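What follows is a set of notes on a single structure, which appears directly below.
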Protein chains: 2
Amino acid sequence: MKETKERILDSAENLFAESGYQATSLRAITQKAEVNLASVNYHFGSKEGLVDEVIRRRLVPLNKLRMQQLQNVFDHASSQKSNPNAEDILRAFIEPTITFLSSSNSLRHFTLLIGRSFAEPDDTVRKIFFSLMEPIFNTMMKGLKLALPNITEEVLFWRLHFSLGATSHTLRCIDNCPMTQLFNGKDPATDAESLIGLLLPFVTAGMEAPQ
Amino acid sequence: MKETKERILDSAENLFAESGYQATSLRAITQKAEVNLASVNYHFGSKEGLVDEVIRRRLVPLNKLRMQQLQNVFDHASSQKSNPNAEDILRAFIEPTITFLSSSNSLRHFTLLIGRSFAEPDDTVRKIFFSLMEPIFNTMMKGLKLALPNITEEVLFWRLHFSLGATSHTLRCIDNCPMTQLFNGKDPATDAESLIGLLLPFVTAGMEAPQ
DNA sequence: GTCTATAGATTGATAGAC
DNA sequence: GTCTATCAATCTATAGAC
């Protein structure tokens with residue numbers, strides 16, 4: 001039997017990912033976690049405190065992976081006295097995400113929550129999420145400017161924006177895609193390797209398109 | 001003074017776009033519309049009935065524009081005894097959307113709501129939205145298969161998916177983009193022509209990337 | 001740390017006068 | 001069609017016993 005605190009985090013992660021922050025009540029969370037309602041406020045202070053820790057618990061280590069992989073790209077480029085290329089920058093963002101997604105059922109739920117967070121209407125959740133993401137975005141912009149010096153910063157900004165949109169949309173739709181039925185009834189592949197192999201060429205081609 | 005029904009629709013459209021369906025109360029809607037609380041249930045039966053009409057009121061004519069433009073692409077191609085090309089198919093989706101966005105303040109709110117709807121956690125809203133979108137997606141897939149016969153259907157499906165993700169993410173972020181501050185403090189361009197000129201080359205290059 | 005009980009506010013919906 | 005008044009349910013949060 002896991003600790004109460006962890007049971008609450010797991011349950012909240014699961015339900016926030018499925019139904020969103022606003023639509024998920026503390027009662028639903030404690031019921032699924034099989035703990036007492038009051039324990040949420042004891043351990044996290046409030047619903048906001050809970051969602052803060054739900055996001056932080058996974059996103060801090062995930063972003064550490066992303067940042068390390070970005071640093072590797074920079075280091076490797078400068079050791080060759082060349083610039084990083086766009087595909088490697090984008091891969092440093094996407095690969096850890098998709099790997100996270102496929103590594104366990106629990107992390108799979110969190111990945112859906114990340115996808116949700118990109119489109120989250122709630123101000124509190126947005127602030128938590130984007131404050132954690134900002135260093136990653138800044139570093140990616142820095143790399144993309146080096147990789148594609150002929151494309152203006154404004155266009156690179158938008159293309160990064162589009163890439164993140166494509167990625168987050170994909171994360172949200174993996175388990176529950178309303179479009180799936182379009183594909184001839186057959187379920188399209190959603191394993192980690194296939195997804196990276198599909199998404200990365202798409203955003204790389206978009207990023208490198210002539211201006 | 002507009003009719004009560006229309007005032008409610010406008011107010012709901014505005015607030016749903018800003019804060020999402022779940023987080024918006026009927027009281028907030030009627031207060032902004034300066035009408036009585038009970039009038040929502042008189043005119044629309046329920047909150048679900050209201051959101052259904054909010055979406056339908058704009059999305060039906062918008063999708064009619066999209067479908068006409070798609071039909072034009074098919075007609076023009078067959079009159080030349082050739083296949084449509086991917087860029088024209090994608091433009092037939094994106095151009096009416098962005099034009100809608102820029103045509104008036106009221107439609108601007110609805111466009112944000114469309115962006116929201118792609119990521120909507122609420123089952124009711126999702127069902128309404130995707131049932132209206134399905135014919136468009138099907139027609140686009142048909143056109144893309146003709147345009148890019150060397151790319152498998154599964155890959156085309158995913159690339160259409162990515163394109164819609166990029167587009168909807170952009171719609172959501174136009175007025176309230178948490179990433180804007182990344183771009184050196186300056187606000188990136190968000191007028192209709194600029195957006196089409198940025199988004200369309202991105203998704204076209206991604207769609208046509210060698211497999 | 002965990003529980004019961006409940007406060008206090010807000011929600012969607014409706015009954016009934018006009 | 002529009003209003004007041006209110007119901008019944010639900011929500012987050014907390015007080016206080018154990």
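Any value given below was found using the heavy atoms of this structure, including those in side chains, with hydrogens, waters and symmetry copies removed. Keep in mind that what you see is a predicted model, and the values were worked out from it rather than measured. Proteins get letters first, then strands, A, B, ... in listed order; numbering begins at 1 in each.
What separates NZ of Lys2(B) from P of dG1(D) is a distance of 18 Å, to the nearest Å. What separates CG of Leu50(A) from P of dC11(D) is a distance of 15 Å, to the nearest Å. Rounded to an integer number of Å, the gap from Gln31(A) CD to dC11(D) C1' is 14 Å. The separation between Arg7(A) atom CZ and dT2(C) atom C1' is 14 Å, rounded to whole Å. For the pair Ile29(A) CD1 and dT10(D) P, the interatomic distance rounds to 17 Å; values are reported in whole Å.
Within the structure, a side-chain polar atom (N or O) of Thr4(A) is placed less than 4.0 Å from OP1 or OP2 of dT2(C). For dT4(D), one of the phosphate oxygens OP1 or OP2 lies less than 4.0 angstrom from a side-chain nitrogen or oxygen of Asn36(B).
Partners of Lys127(B) by salt bridge (Lys or Arg N to Asp or Glu O under 4.0 Å), not counting sequence neighbours: none found. In terms of the ring-ring contact (aromatic ring centres under 6.0 Å, His included) criterion, residue partners of Phe202(A) (sequence neighbours excluded) are, by chain and number, Phe162(B). Remark: Asp52(B) pairs with Arg56(B) by the side-chain hydrogen bond (donor to acceptor under 3.5 Å, both in side chains) rule, at least two apart or across chains.
Sorted by first and then second residue, the salt bridge (Lys or Arg N to Asp or Glu O under 4.0 Å) pairs with a member in residues 112-121 of chain A form an empty list; sequence neighbours excluded. Pairs passing the salt bridge (Lys or Arg N to Asp or Glu O under 4.0 Å) check and including a residue from residues 8-32 of chain B, sequence neighbours excluded, read Lys2(B)-Asp10(B), Asp10(B)-Arg57(B), Asp10(B)-Arg58(B), Glu13(B)-Arg57(B), Glu13(B)-Arg58(B).
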**Message:** Each nucleotide in nucleotides 11-18 of chain C should get exactly one letter: B, S or -. Can you fill that in based on protein heavy atoms under 4.0 Å?
**Reply:** BBBB----

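Residues His161(B) and His169(A) place their aromatic rings such that the two centres sit under 6.0 Å apart.
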